[in-house]
A.B. asks: 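Please read through the structure below; I'll follow up with questions.
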Amino acid sequence: MAGFYNAAMLDIRIVREDPDKVRARLASRGAGAEADIDEVLRLDEARRKGLAEVEQLKSLRNRVSKDIGVLMGQKKLADAEALKTQTRQVGDRIAQLDKEVAEAESQRDDLLLRIPNMPHESVAIGRCAEDNPVVRVHGAPEIFSFKPKGHVELCESLKLVDFARGAKLSGSGFLLYTNWGARLERALIQFLLDLHTLEHGYTEVSPPFIVQRECMTGVGQFPKFLDQAYAVQEGTDGSTLGRLFLVPTAEAPVANIHREEILKASQLPIRYCAYSPCFRAEAGAAGVGTRGMIRVHQFDKVELIKIVDPAQGHAELERLVLDAEQALQRLGLHYRVIQLCTGDMGFASAKTYDIEVWAPGQGGYLEVSSCSNCEDYQSRRMQLRYRTESGENRFPHILNGSGTALARLFVALIETHQQADGSVLIPPPLRPYLRTDRISIES
RNA sequence: GGAGAGAUGGCUGAGUGGUUUAAGGCACACGCCUGGAAAGCGUGCGUAUGUAAAAAGUACCGAGGGUUCGAAUCCCUCUCUCUCCGCCA
């Protein structure tokens, strides 16, 4: 088994062949991720040296064992015994070397799993969110003839969300949608799924909302962000704790659908679209922060996943962003697309665009979508490959994007379309789903 | 939760300690044959590591450990699948 799972995100061969380039590109992220490269190289060297030696010994042992079999067939038992005694030491040495090799390999891979992806060359260099370039802006902030209310006030007056009882049920950061609020949430989910499946060509899937550890590792959530997840256990059986996790995004199950498979080139591109609730413990950043619906422990999201030929990866990312933007355009919302700079990108991503929607009540933009091309970082971790026409096995690019996150979309929608009389006008594409064109206090 | 049966390469399916470190079939690729195709015949065809590239070598028969000179094969633990029973939306 040793050696089969090169459970790393960075291609160890690239690290081996051009460590300076790898270090430089990781350094552009800021977080000091490049520091572990030397140690990775050292462990890799030790592993390969041990492997070369142990394989020679195994070859010897295999030959001798075969001879023993032949001798025994010829009833030359004394000769066979002599060879056995002689080979016993070889076996011991092999066992010892095997252990050393496995040890070096697992240490190497533990380190590699904690090193983030390398940013794509086209990504802007920067340190933090202030350095993110704005790519494009759609529309303009709504002009109101009155002072627009915030979503918390709207939700309370229209009885869309019962914040107090949500907290009573599950603690702060959990929402109880009520009546028109619940219906609006459901309408948005269905609108988004229909848009992406019927018009953008994605295949809808409905995945489990609890996944195994391997899924989380596959997409790069683990091991580094273990403390952000909700771990579950079965009843009072503590030994089951940490085997299953509530999904932080549908990306976790959906991107892993083809884990450890070898796809045919003709199957690509694969485009999946899935609704799921998203659970985020956000340990550390926890608690306080924003009142209302902007930062919560559970929210709904429609996620888009693509598995594509590496040559198409970055073109597909551009299209993915447009697909997500389309949702906001149909709902009549003002938004901007920004590119995350090297220092602000997520762990697994090589290139990321965020879409931020304007929320008049907040007087600011809310992140409702993050679209990334993780290149082969995730496919490598999950051993997902495809076979080219020429019979070669390669790692495809895996992309993910929110299409879009709901709680914040909900906020932007009601704040943008609120009327002077306190009602909210429903944009036309949503009306068939909601079966009303307006949510008002009386309705 | 109880009882039983299983897990082998893209699929199917042999193989209960050593000339099998995976037979045969299907599918696939190339060639022969053909006016063209099918059939037939021949060759090739798992994954990974290794190599400048190749070849050799090595590892992999659900996972992990053990016995042995040698394990797909024997022993132990675990996971998953299927059938039946119980419970349950």
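These numbers come from a predicted model, not from an experiment. Labels below follow one simple rule: chain letters A, B, ... track the order of the sequence lines, proteins then strands, and each chain is numbered from 1.
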A.B. asks: Would you kindly compare A/N393 and A/Q212 by the position of their nearest RNA chain B nucleotide and give the one closer to the 5′ end?
C.D. replies: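 This one resolves to A/N393.
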A.B. asks: When the C1' atoms of B/G17 and B/A72 are considered, how many whole Å apart are they?
C.D. replies: 11 Å
A.B. asks: Could you list the residues that satisfy side-chain contact (heavy atoms from CB on, under 4.5 Å) with A/R88, not counting sequence neighbours?
C.D. replies: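 Applying side-chain contact (heavy atoms from CB on, under 4.5 Å) to A/R88 gives A/K84.
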A.B. asks: Which value, in whole Å, describes the distance between the C1' atoms of nucleotides B/C61 and B/U16?
C.D. replies: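 Here B/C61 and B/U16 have their C1' atoms 15 Å from each other.
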A.B. asks: Between B/A27 and B/A38, how many Å separate the two P atoms, rounded to a whole number?
C.D. replies: 12 Å
A.B. asks: P atom, B/U12 versus B/U34: distance in rounded Å?
C.D. replies: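 38 Å, rounded to whole Å.
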A.B. asks: When the P atoms of B/U49 and B/A55 are compared, how many Å lie between them, rounded to an integer?
C.D. replies: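 My reading of the P atoms in B/A55 and B/U49 gives 14 Å.
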A.B. asks: Rounded to the nearest Å, what distance is computed from the CD atom of residue A/Q86 to the C1' atom of nucleotide B/U68?
C.D. replies: 17 Å
A.B. asks: In chain order, what residues pass the side-chain contact (heavy atoms from CB on, under 4.5 Å) check against A/T416, with sequence neighbours excluded?
C.D. replies: A/E142, A/L333, A/P360
A.B. asks: Under 4.0 Å between a side-chain N/O of A/R385 and OP1 or OP2 of B/G46, yes or no?
C.D. replies: no
A.B. asks: Not counting sequence neighbours, list each pair that qualifies as a salt bridge (Lys or Arg N to Asp or Glu O under 4.0 Å) and has a residue in residues 302-315 of chain A.
C.D. replies: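 Residue pairs with at least one partner in residues 302-315 of chain A: A/K301-A/E303, A/K306-A/E316.
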A.B. asks: Mind calculating the distance between CD (A/E261) and P (B/G9) to the nearest angstrom?
C.D. replies: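 In whole Å, B/G9 P lies 14 Å from A/E261 CD.
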A.B. asks: Just how far, in rounded Å, is C1' of B/G46 from CD of A/E260?
C.D. replies: 16 Å
A.B. asks: For the residue pair A/T342 and A/R29, confirm or rule out a side-chain donor-acceptor distance under 3.5 Å.
C.D. replies: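 A/R29 and A/T342 do not have a side-chain donor-acceptor pair below 3.5 Å.
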A.B. asks: Extract from the structure each pairing of a protein N or O with an N or O of nucleotides 14-21 of chain B at less than 3.5 Å, listing the distance.
C.D. replies:
{"residue": "B/G18", "atom": "N2", "partner": "A/S65", "partner atom": "O", "Å": "2.8"}
{"residue": "B/U21", "atom": "N3", "partner": "A/N62", "partner atom": "ND2", "Å": "3.4"}
{"residue": "B/U21", "atom": "O4", "partner": "A/N62", "partner atom": "ND2", "Å": "3.2"}

A.B. asks: Say we look at B/U8 and B/U20: how far apart would their P atoms be, to the nearest angstrom?
C.D. replies: 24 Å
A.B. asks: Go nucleotide by nucleotide along RNA chain B from the 5' end; which of A/G91 and A/R16 gets its closest nucleotide reached first?
C.D. replies: A/R16
A.B. asks: Take atom CD of A/E105 and atom P of B/U49, then tell me their distance rounded to the nearest Å.
C.D. replies: 11 Å
A.B. asks: Run the side chain to side chain donor-acceptor pair (under 3.5 Å) test on A/Q267 and A/E261 for me, step by step, so that the C-alpha distance in whole Å, both residues' side-chain angles and the decisive distance to 0.1 Å come before the verdict.
C.D. replies: CA-CA 12 Å; A/Q267 287 176 266; A/E261 292 181 22; 5.8 Å; no
A.B. asks: Output all residues satisfying side-chain contact (heavy atoms from CB on, under 4.5 Å) with A/N393, sequence neighbours left out; order by chain, then residue number.
C.D. replies: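 Partners of A/N393 under the side-chain contact (heavy atoms from CB on, under 4.5 Å) test: A/I262, A/R385, A/R387.
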A.B. asks: Considering only residues two or more places apart or on different chains, which pairs with a residue in residues 151-164 of chain A satisfy side chain to side chain donor-acceptor pair (under 3.5 Å)?
C.D. replies: A/H151-A/Q362, A/H151-A/E415, A/D162-A/R165
A.B. asks: Taking only the C1' atom of each, what is the distance from B/C76 to B/A22 in whole angstrom?
C.D. replies: 25 Å
A.B. asks: Write down the distance between CD1 (A/I94) and P (B/U58), rounded to a whole number of angstrom.
C.D. replies: 10 Å
A.B. asks: Which pairs count as salt bridge (Lys or Arg N to Asp or Glu O under 4.0 Å) when at least one residue sits in residues 184-211 of chain A, sequence neighbours excluded?
C.D. replies: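 For residues 184-211 of chain A, and leaving out neighbouring residues, the salt bridge (Lys or Arg N to Asp or Glu O under 4.0 Å) pairs sorted by first residue read A/E199-A/R330.
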A.B. asks: By nearest atom, which of the nucleotides B/G57, B/C80, B/U51 is closest to the A/E55 side chain?
C.D. replies: B/G57
A.B. asks: Take the protein atom CG of A/L97 and the nucleotide atom C1' of B/A59, then report the distance between them rounded to whole Å.
C.D. replies: 15 Å
A.B. asks: Can you check the distance between B/G70 and B/U58, where both ends of the measurement are the C1' atom (answer in whole Å)?
C.D. replies: 16 Å
A.B. asks: With a 4.0 Å cutoff (strictly under), does any side-chain N or O of A/R88 reach OP1 or OP2 of B/U68?
C.D. replies: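 Looking at the OP1 and OP2 atoms of B/U68, neither is under 4.0 Å from any side-chain N or O of A/R88.
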A.B. asks: Indicate, with a heavy-atom threshold strictly under 4.0 Å, whether A/R213 touches base, sugar-phosphate, or nothing.
C.D. replies: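 Answer is nothing: A/R213 stays at 4.0 Å or more from every strand.
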A.B. asks: Tell me whether the OP1 or OP2 atom of B/U49 has a side-chain N or O from A/R13 closer than 4.0 Å.
C.D. replies: yes
A.B. asks: Just checking A/E45: does its CD atom have more than 12 heavy atoms from other residues, nucleotides or ligands closer to it than 6.0 angstrom?
C.D. replies: no
A.B. asks: Can you measure A/R93 atom CZ to B/G70 atom P for me and round it to whole angstrom units?
C.D. replies: 16 Å
A.B. asks: Would you please say whether a donor-acceptor pair under 3.5 Å links the side chains of A/R63 and A/S59?
C.D. replies: yes
A.B. asks: Once you round it to whole Å, what is the distance between P of B/U49 and CG of A/D44?
C.D. replies: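 So the CG-P distance, A/D44 to B/U49, works out to 12 Å.
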A.B. asks: Show me the dot-bracket string of RNA chain B, counting Watson-Crick or G-U pairs under 3.5 Å, with | for pairs to another strand and [ ] for crossing ones.
C.D. replies: ((((((((.[[[..)..(.....]]].(((((.......))))).((((.......)))).[[[[[..)....]]]]])))))))....
A.B. asks: Between side-chain atoms of residues 368-375 of chain A and protein atoms elsewhere (two or more places apart, or another chain), which donor-acceptor pairs fall under 3.5 Å?
C.D. replies:
{"residue": "A/S369", "atom": "OG", "partner": "A/S402", "partner atom": "O", "Å": "2.6"}
{"residue": "A/S370", "atom": "OG", "partner": "A/D354", "partner atom": "OD1", "Å": "2.8"}
{"residue": "A/S372", "atom": "OG", "partner": "A/T352", "partner atom": "OG1", "Å": "2.8"}
{"residue": "A/N373", "atom": "OD1", "partner": "A/E375", "partner atom": "N", "Å": "2.7"}
{"residue": "A/N373", "atom": "ND2", "partner": "A/H314", "partner atom": "NE2", "Å": "3.4"}
{"residue": "A/N373", "atom": "ND2", "partner": "A/H397", "partner atom": "ND1", "Å": "3.3"}
{"residue": "A/E375", "atom": "OE2", "partner": "A/H314", "partner atom": "NE2", "Å": "2.7"}

